[in-house]
Amino acid sequence: MGNLRRFDRRNFIFLLIFTVFFGYLYVTGEPVYAGDTFQYENQMIMREPVYALLMQFCRFLSPQNHYQLIILFQNILAAAANTAVLAFMRKRFRLNMGISLLLAGILLVPHVMTPVFASTHLVLTNTLMTEGILFSLYPLAFVCLLDMMWSGKPIGKKSFGTLAFFWLISLIRGQMMVLFVVWFLAAFVLAVRNGAAVTKRTQTGVDTFVLAENIGRQGLVAILAAVVIAFVARSVVIHVYNYCEQGLFVDTASGKAMSFANVLYVADREDGAAIADDGMRTLFYEIYDRADADQMNYKYAPSGILARAAHHEACHDELNFTYFSDAAREYVGERQGIYADTYQELMIALDEVAAALSAELMPEVLGRYVLNYINVIALGFVRTVAYENTVLAWYAVCIYIAAVALTVVLWRRNPESMAASFMAVVLLTIVGNVCATALMIQCISRYMIYNLPLFYMAGLLELRELRERHGGQDGI
């Protein structure tokens, strides 16, 4: 953000717009106690630490009104963060007021779509869960990545600052760890590009060894080390947090149980023969028979990619929290003597059972798993840029093709195109978010639309650049 040397006073207009919008949501709404709130409020090991610590801090400040304090903070954060994002874009792209107002509207889309179109109808900034702050912090973190990329330096203050920001939001929600990979790829591309440029200036021909040496001098080892350190540091912080709060030196639990629901969904009863342990095999049959009787299985999905994905989505949480959890709790109680009175230890034990079942069943179900995974990510890609129905699904296909084509065209005409690099990294992040989320859980809208505003902002800026290159002018 260092290039924002001079603050444009017109940005106060957008601060006022965002303040009025989120102020209205705060004044007219109430704190929404969602399904995950209890786990954050009680610092359970199934959740990352930052949001739980925020709730703890607000409860310390105001034991009677901490919910109200949290949503006040969330709405203030939303107004401030969106203003900062828009100020960055206006400065970098030299935007006029008309385009700036369009971008402001795009930034607000998730906060309109979720209450109106999502099945939960949540007002994000009034909801007591991670989305209350992440939908504000995510675009702010993303513009830090853009600033790092456009600085041209793979290693430096902006680069490590961006990675630190990503590290922080990954401690709010594990889904954000995909940004570590995005950061690494962006830094790697910068290192390769800079190394190739140095080689071109200093060599008359192509020398592979000189090129590799020059790329290495751009900090490639430091880039890789930084990502590894970020992953390790995140794990250490979570272990220490869980030990301080619950006396258990463990990572976040429940992920393996969530991903096992995807395996269970595509299993057939005869797949249970692959489970070596008699007790685990009996457990699988018990879970499977109950789920199959209620048609919680891929065999009962309707035809069509989106319809099959929707059926999986309708089954996923029930498979995890009801069919698997009920039977596995009884199994763990009988085998290990762990019951609900030691709830945190029970969640760890359930994760271990889920991991063991997944490992033995996966070779048997792999083909069906991959086909179902394709259905799920297809719905995820649609939901990232649109609402799911047949017409909008084809719209999503077309808009992705258009985005890729436009990016290629702009890059060919100008390898330094900021709009094209913006869209390229947005598309990369969309792929990472959708594909990683589908491995663990279903691609519901509130997990997908983090990148929706960024995608349409990048698309609008690409169209603007294309127009300018064809002779049009956009005022400042």
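Keep in mind that this is a model prediction, so the values were computed, not measured.
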- Message: For Ser170, give me all partners under side chain to side chain donor-acceptor pair (under 3.5 Å), at least two apart in sequence or on another chain.
- Response: Arg234

- Sub-4.5 Å side-chain heavy-atom contact between Phe73 and Ile133: yes

- Rounded to the nearest 0.5 Å, how far apart are OG of Ser100 and CG of Leu86? 5.5 Å

- Message: Between Thr162 and Cys144 (side chain of the first, backbone of the second, donor and acceptor by atom type, cut-off under 3.5 Å), is there such a pair?
- Response: yes

- Atom CZ of Phe165 and atom CG of Leu140: how far apart are they, to the nearest 0.5 Å? 4.0 Å

- Query: Glu41 and Tyr67: side-chain donor and acceptor closer than 3.5 Å?
  - Reply: yes

- Message: Centre-to-centre under 6.0 Å for His311 and Tyr265, is that the case here?
- Response: yes

- Task: State whether a side-chain donor-acceptor pair under 3.5 Å links Thr407 with Glu462.
- Result: yes

- Query: Would a line drawn from the ring center of Trp150 to the ring center of Phe93 be shorter than 6.0 Å?
  - Reply: yes

- So, are Glu245 and Arg47 salt-bridged, with charged N and O less than 4.0 Å apart? no

- Got a sec: does the OH of Tyr243 have more than 12 other heavy atoms crowding it under 6.0 Å? no

- Starting from the C-alpha separation in whole Å, work towards a yes-or-no answer on side chain to side chain contact (heavy atoms under 4.5 Å, CB included) for Phe166 and Met176. CA-CA 7 Å; Phe166 289 175; Met176 297 296 134; over 6 Å; no

- Taking atom OH of Tyr24 as the centre, does the number of heavy atoms from other residues, nucleotides or ligands within less than 6.0 Å exceed 12? no

- Note on the structure: Contacts of Asn414 meeting side chain to side chain donor-acceptor pair (under 3.5 Å) (sequence neighbours excluded), chain-then-number -> none

